[in-house]
Amino acid sequence: QVQVVESGGGLVQAGGSLRLSCAFSGRVFSIDAMSWYRQAPGKQRELVARITGGGSTNYEDSVKGRFTISRDNAKNTVYLQMSSLKPEDAAVYYCNAALTYYSGSPYLSHWGQGTQVTVSS
């Protein structure tokens with residue numbers, strides 16, 4: 001099976017920074033795209049940032065220039081560096097990865113358990 005461990009959330013003042021981490025372990029052969037999503041109360045889950053297996057990135061417009069997604073393929077880990085945080089960034093943040101269990105198997109989506117980010121004004 002695949003284990004997913006998210007960490008790094010917490011309470012921060014507006015203008016502050018946080019770094020989220022998400023590690024995939026266990027039955028992982030390879031990982032393609034890795035992403036971060038967020039869901040605020042009463043809102044739909046939205047894509048925040050995505051990084052492909054080749055390292056290309058894309059961001060939701062409101063976080064461009066403030067958030068940076070990166071990955072460490074040796075550790076099967078994806079990061080989200082968040083700076084200049086705003087109250088509207090507050091949400092539960094979820095990581096996601098498309099991964100395979102063995103060579104030739106299809107890529108399957110796996111989610112982290114979510115980590116709360118709270119931004120005080």
Side-chain angles (χ1 to χ4, degrees):
Q1 302 304 321
V2 175
Q3 293 79 45
V4 187
V5 178
E6 285 192 42
S7 62
L11 172 64
V12 64
Q13 287 189 332
S17 299
L18 282 174
R19 188 191 194 210
L20 306 183
S21 300
C22 176
F24 295 80
S25 62
R27 197 178 179 187
V28 177
F29 179 75
S30 69
I31 301 178
D32 190 12
M34 305 180 86
S35 306
W36 286 97
Y37 288 74
R38 66 186 179 187
Q39 187 168 20
K43 295 188 177 181
Q44 289 189 333
R45 189 174 298 190
E46 65 174 356
L47 176 65
V48 175
R50 181 176 181 269
I51 183 167
T52 69
S56 297
T57 59
N58 63 279
Y59 297 91
E60 194 269 327
D61 285 346
S62 70
V63 308
K64 287 180 181 177
R66 300 188 298 121
F67 290 10
T68 301
I69 189 171
S70 62
R71 61 192 288 169
D72 183 333
N73 292 328
K75 297 180 179 179
N76 290 337
T77 298
V78 62
Y79 305 96
L80 186 68
Q81 178 67 48
M82 305 185 292
S83 303
S84 302
L85 281 160
K86 304 175 181 180
E88 52 263 42
D89 294 318
V92 178
Y93 283 71
Y94 299 89
C95 61
N96 176 273
L99 59 87
T100 61
Y101 298 149
Y102 52 86
S103 178
S105 69
Y107 282 93
L108 298 176
S109 178
H110 286 264
W111 291 90
Q113 77 279 10
T115 186
Q116 178 71 51
V117 171
T118 303
V119 184
S120 63
S121 57

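Side-chain atoms of Arg71 come within 3.5 Å of backbone N or O of Thr52 as a donor-acceptor pair. One N or O on the side chain of Tyr59 and one on the backbone of Ile69 form a donor-acceptor pair closer than 3.5 Å. Counting only distance, with no hydrogens or angles, the side chain of Thr100 and the backbone of Ser30 share a donor-acceptor pair below 3.5 Å.
Side-chain atoms of Leu47 and Asn58, non-hydrogen and from C-beta on, do get closer than 4.5 Å to each other. Between Arg66 and Met82, every side-chain heavy-atom pair lies at or beyond the 4.5 Å cut-off. A 4.5 Å side-chain heavy-atom check between Arg27 and Gln1 finds every atom pair outside the cut-off. With contacts defined as side-chain heavy-atom distances shorter than 4.5 Å, the pair Arg38/Leu80 does not qualify.
The two residues Glu6 and Gly114 come nearest to each other via the heavy atoms OE2-N, 3.0 Å. For Val48 against Val63, the heavy-atom pair with the smallest separation is O-CG2, 3.7 Å. Nearest heavy atoms, Asp72 versus Tyr79: CB-CE1, 4.0 Å. Between Ala91 and Ala40, the shortest heavy-atom contact is CB-N, 3.8 Å. Minimum interatomic distance between Ser84 and Ser17 (heavy atoms only, all atoms of both residues): N-OG, 4.4 Å. Closest approach of Ile31 to Ala97, counting heavy atoms only: CG2-CB, 3.9 Å.
For the atom pair CD (Gln3) and NE2 (His110), the distance works out to 10.5 Å, reported to the nearest 0.5 Å. Note that CE of Met34 is 6.5 Å distant from CG of Asn76, once rounded to the nearest 0.5 Å. Rounding to the nearest 0.5 angstrom, the gap separating the CD atom in Glu46 from the OH atom in Tyr94 is 13.0 Å. Atoms OG and CD, from Ser121 and Glu88 in turn, are 10.0 Å apart once rounded to the nearest 0.5 Å. From Leu99, atom CG reaches atom OG of Ser105 across 8.5 Å, with rounding to the nearest 0.5 Å. Between the CG atom in Leu11 and the CG atom in Leu18 there is a gap of 8.5 Å [rounded to 0.5 Å].
Residue pairs meeting the disulfide (SG to SG under 2.5 Å) criterion with at least one partner in residues 66-121, sequence neighbours excluded, are Cys22-Cys95.
Listed by chain and residue number, Trp111 satisfy the ring pair (Phe, Tyr, Trp, His ring centres under 6.0 Å) test with Tyr37 (two or more places apart in sequence, or in another chain).
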Review point. Would Val117 and Leu20 count as a side chain to side chain contact (heavy atoms under 4.5 Å, CB included) if you check the C-alpha gap in whole Å, the side-chain angles of each, and the deciding distance to 0.1 Å?
Key: CA-CA 9 Å; Val117 171; Leu20 306 183; 4.2 Å; yes
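In the hydrophobic clustering of this structure, Trp36 does not group with Val5; members are Ile, Leu, Val, Met, Phe, Trp, Tyr whose side-chain heavy atoms approach within less than 4.5 Å, directly or through other members. When the side chains of ILVMFWY residues are joined at heavy-atom separations under 4.5 Å, either directly or via intervening members, Tyr102 and Val28 end up in a single hydrophobic cluster. Tyr101 and Phe24 end up in the same hydrophobic cluster when Ile, Leu, Val, Met, Phe, Trp and Tyr side chains are linked at under 4.5 Å.
Salt-bridge formation is not detected for the pair Lys86/Asp89: no Lys NZ or Arg NE/NH1/NH2 atom is positioned less than 4.0 Å from an Asp or Glu carboxylate oxygen.
By the 30° and 60° cut-offs, the orientation of the rings of Tyr93 relative to Phe67 is tilted.
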